[in-house]
K.L.:
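Handing you a structure now.
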Amino acid sequence: MKILDVTVAPGKKQLIKIPVGQLPSGNTIIVSAHVFRSKKPGPTVLFLAGVHGDEINGMEIIRQAIESGIFNNLRAGNVIAIPILNTYGFINFSREVPDGKDVNRSFPGTKTGSLASRVAFSIHKHILPLIDFGVDFHTGGRSNYNYPQIRYTKGNEQASQLAEVFGAPLRIAYGTLRKSLRRVALDKHQVPILVFEGGENQRYDGLSIQHGLAGIRRILQYHKMIPGEYTPKEGLLFNKSSWLRAGRGGLFQWMKSSGSWVKKGEPLGFISDPQAIKPARYIHARADGYIVGHNNTPVVSQGDALFHLAYRE
């Protein structure tokens, strides 16, 4: 296996630093890829986090996985683990890079483009051609909390099976977004990428970290890459989701949070008038379903996303 000019032999591990850009100070921005190889053939798996620099839980999941030594003595196959892709966003507590661009809307990228484009290109060029599948770890953004869930590409049988193996509490089928990692990996490399979502940006969430680590272990055990018998973990499956939004601005309080099953018409929260003039307005579930994400922001504007509800058609 060769990344840039570094060759990693079977049975070896190597930290490879991929340069992706430069700060105004002249310091180089790098992406650190931890490569672990078995002596026996098997799948090559990517575990990736930090596509958005303020989403800490995914970084912690991969950091703990590396530190635990779970990848050190693989029985088969290879693992590429990247705890932080968007280094600039990470050091600036930001989802995006300096020009406001989203790395996950910049694939496949170019080596001479914006910083987001260059970061995306480093994965497209050097990593995606080597792997058989991957898991991209995320959290909710901008004060949105996501209950631990695995998202997979709708209509892709391999992705559906991998999502089932991962065993998160929730499985949700989604289409792919233009210029996203998941779209480019599938269209240009025929590689399925799962997206794990858990917790809220800039906050640790123990439940999400626990489920993320357990999912990594199940994926590796299922493919006989590490010791231990694979034990399936059943979760809830949904094929559609939608957001409930604020009908007006004001002070928002939720009554039901992520991880709750709700019935059509059930009150989920309310928006109060900060001037105490108008009565509170309640938000009701539009259908029977499961709250997979909710907004923790106490002050909302009209149109803000408040509850993410998943359900079955």
Side-chain angles (χ1 to χ4, degrees), residues 13 34-38 40-51 55-83 127 130-139 146-154 156-174 181-182 185-186 191-199 204-239 258-259 290 292 310:
K13 62 179 181 179
H34 300 254
V35 179
F36 303 84
R37 299 205 62 194
S38 168
K40 296 182 179 180
T44 298
V45 187
L46 170 66
F47 295 117
L48 174 69
V51 173
E55 298 183 1
I56 306 301
N57 286 307
M59 303 176 195
E60 179 64 9
I61 289 167
I62 296 182
R63 186 199 69 78
Q64 285 193 26
I66 294 170
E67 191 176 72
S68 72
I70 191 174
F71 306 137
N72 284 347
N73 296 294
L74 297 175
R75 291 187 170 183
N78 314 290
V79 167
I80 302 174
I82 301 176
I127 303 298
L130 303 176
I131 68 172
D132 295 292
F133 60 88
V135 184
D136 181 18
F137 291 86
H138 287 259
T139 75
N146 284 331
Y147 196 75
Q149 59 195 259
I150 201 78
R151 302 177 179 181
Y152 66 95
T153 303
K154 186 180 293 186
N156 185 282
E157 186 58 36
Q158 186 183 4
S160 175
Q161 182 189 33
L162 287 168
E164 185 175 358
V165 169
F166 190 94
L170 309 175
R171 281 182 286 142
I172 309 175
Y174 277 93
L181 168 60
R182 199 154 52 99
L186 197 58
V191 169
I193 300 288
L194 303 179
V195 174
F196 176 84
E197 288 274 358
Y204 277 130
D205 183 65
L207 179 67
S208 299
I209 293 168
Q210 174 187 339
H211 281 293
L213 288 167
I216 288 176
R217 184 172 294 276
R218 276 190 286 270
I219 285 275
L220 297 178
Q221 288 176 336
Y222 178 83
H223 290 92
K224 302 187 185 305
M225 296 174 68
I226 62 171
E229 183 178 350
Y230 164 70
T231 303
K233 182 73 172 178
E234 192 169 343
L236 298 175
L237 174 63
F238 301 97
N239 58 12
S258 299
Y290 203 90
V292 299

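Numbers here are sequence positions counted from 1.
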K.L.:
Pick from Ile226, Ile66, Asn78: which one makes a side-chain contact (heavy atoms from CB on, under 4.5 Å) with Phe71?
P.N.:
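Checked Ile226, Ile66, Asn78 against Phe71; only one passes side-chain contact (heavy atoms from CB on, under 4.5 Å): Ile66.
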
K.L.:
Is Ser38 reaching over with its side chain to a backbone N or O of Leu74, donor-acceptor style, under 3.5 angstrom?
P.N.:
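Answer holds: yes.
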
K.L.:
For Asn156 and Thr153, does a side-chain donor sit closer than 3.5 Å to a side-chain acceptor?
P.N.:
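Looking only at side-chain atoms, Thr153 and Asn156 do not form any donor-acceptor pair under 3.5 Å.
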
K.L.:
List the steps, then state whether side chain to side chain contact (heavy atoms under 4.5 Å, CB included) holds for Val35 with Lys13.
P.N.:
CA-CA 5 Å; Val35 179; Lys13 62 179 181 179; over 6 Å; no

K.L.:
Which atom pair, heavy atoms only, marks the closest approach of Ser68 to Ala65?
P.N.:
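Ser68 and Ala65 have their closest heavy atoms at OG-O, 2.8 Å.
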
K.L.:
Quick one: pull up CE in Met59 and CD1 in Ile82 and give me the separation to the nearest 0.5 Å.
P.N.:
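If I round to the nearest 0.5 Å, the distance is 12.5 Å.
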
K.L.:
Which distance, rounded to the nearest 0.5 Å, do you find between the CG of Leu220 and the CE of Met225?
P.N.:
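If I round to the nearest 0.5 Å, the distance is 5.5 Å.
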
K.L.:
Mind checking whether Glu60 and Pro83 have side chains closer than 4.5 Å, heavy atoms only?
P.N.:
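Not touching, per the 4.5 Å side-chain cut-off.
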
K.L.:
Would you call the rings of Tyr222 and Tyr230 parallel, tilted or perpendicular if under 30° counts as parallel and over 60° as perpendicular?
P.N.:
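Perpendicular: the ring planes of Tyr222 and Tyr230 meet at over 60°.
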
K.L.:
If I take atom CD1 from residue Ile80 and atom CZ from residue Arg37, how far apart are they, to the nearest 0.5 angstrom?
P.N.:
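Here the interatomic distance stands at 9.5 Å.
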
K.L.:
Return the CG to CD1 distance between Leu213 and Ile70, rounded to the nearest 0.5 Å.
P.N.:
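Here the interatomic distance stands at 8.0 Å.
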
K.L.:
Among all residues two or more places apart in sequence or in another chain, which pass the side-chain hydrogen bond (donor to acceptor under 3.5 Å, both in side chains) test with Arg75?
P.N.:
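Testing Arg75 for side-chain hydrogen bond (donor to acceptor under 3.5 Å, both in side chains), a comparison that skips the adjacent residues, returns none.
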
K.L.:
Please report the C-alpha distance between Ile127 and Leu46 in whole Å, then the side-chain angles of each, then the deciding distance to 0.1 Å, and finally whether the side chain to side chain contact (heavy atoms under 4.5 Å, CB included) criterion is met.
P.N.:
CA-CA 8 Å; Ile127 303 298; Leu46 170 66; 4.0 Å; yes

K.L.:
With side chain to side chain contact (heavy atoms under 4.5 Å, CB included) as the test, would you mind laying out the steps for Ile193 and Leu186 before giving the verdict?
P.N.:
CA-CA 8 Å; Ile193 300 288; Leu186 197 58; over 6 Å; no

K.L.:
Might you point out which heavy atoms bring Tyr152 and Ala163 nearest each other, and give the distance in Å?
P.N.:
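Reported closest heavy-atom pair: CD2-CB, 3.6 Å.
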
K.L.:
Please walk me through it: do Val195 and Val135 pass side chain to side chain contact (heavy atoms under 4.5 Å, CB included)?
P.N.:
CA-CA 6 Å; Val195 174; Val135 184; over 6 Å; no

K.L.:
A quick test of your reading: do over 12 heavy atoms of other residues, nucleotides or ligands sit less than 6.0 Å from NZ of Lys154?
P.N.:
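It does: Lys154 NZ has more than 12 such atoms within range.
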
K.L.:
Nearest 0.5 Å please: distance from the CD1 atom of Ile209 over to the CG atom of Asn57.
P.N.:
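So the CD1 of Ile209 and the CG of Asn57 are separated by 4.5 Å.
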
K.L.:
Mind checking what makes ring pair (Phe, Tyr, Trp, His ring centres under 6.0 Å) contact with Phe196, not counting sequence neighbours?
P.N.:
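Testing Phe196 for ring pair (Phe, Tyr, Trp, His ring centres under 6.0 Å), a comparison that skips the adjacent residues, returns Phe137, Phe166.
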
K.L.:
So do Glu197 and Pro148 actually touch side chain to side chain, heavy atoms under 4.5 Å?
P.N.:
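Counting from C-beta outward, Pro148 and Glu197 never come under 4.5 Å.
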
K.L.:
Residues in side-chain contact (heavy atoms from CB on, under 4.5 Å) with Phe133, at least two apart?
P.N.:
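So Phe133 forms a side-chain contact (heavy atoms from CB on, under 4.5 Å) with Pro43, Val45, Leu162, Pro192, Ile219, His223.
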
K.L.:
Can you pull the salt bridge (Lys or Arg N to Asp or Glu O under 4.0 Å) pairs that have at least one residue in residues 211-232, sequence neighbours excluded?
P.N.:
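For residues 211-232, and leaving out neighbouring residues, there are no salt bridge (Lys or Arg N to Asp or Glu O under 4.0 Å) pairs at all.
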
K.L.:
Are Tyr147 and Leu207 close enough that some pair of their side-chain heavy atoms sits under 4.5 Å apart?
P.N.:
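Touching, per the 4.5 Å side-chain cut-off.
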
K.L.:
Give a yes or no on this: more than 12 heavy atoms of other residues, nucleotides or ligands lie within 6.0 Å of atom CG of Asn239.
P.N.:
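For Asn239, atom CG is crowded (more than 12 foreign heavy atoms under 6.0 Å).
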
K.L.:
Taking side-chain hydrogen bond (donor to acceptor under 3.5 Å, both in side chains) as the test, write out the residues that go with Thr139, two or more places apart.
P.N.:
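With neighbours one apart ignored, the set is empty.
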
K.L.:
Roughly how far apart are Leu194 CG and Gln149 CD, rounded to 0.5 Å?
P.N.:
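Between Leu194 CG and Gln149 CD, I get 12.5 Å after rounding to 0.5 Å.
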
K.L.:
Kindly write out the residues that satisfy side-chain hydrogen bond (donor to acceptor under 3.5 Å, both in side chains) with Glu67, not counting sequence neighbours, or none if the list is empty.
P.N.:
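side-chain hydrogen bond (donor to acceptor under 3.5 Å, both in side chains) check on Glu67 returns Arg63.
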
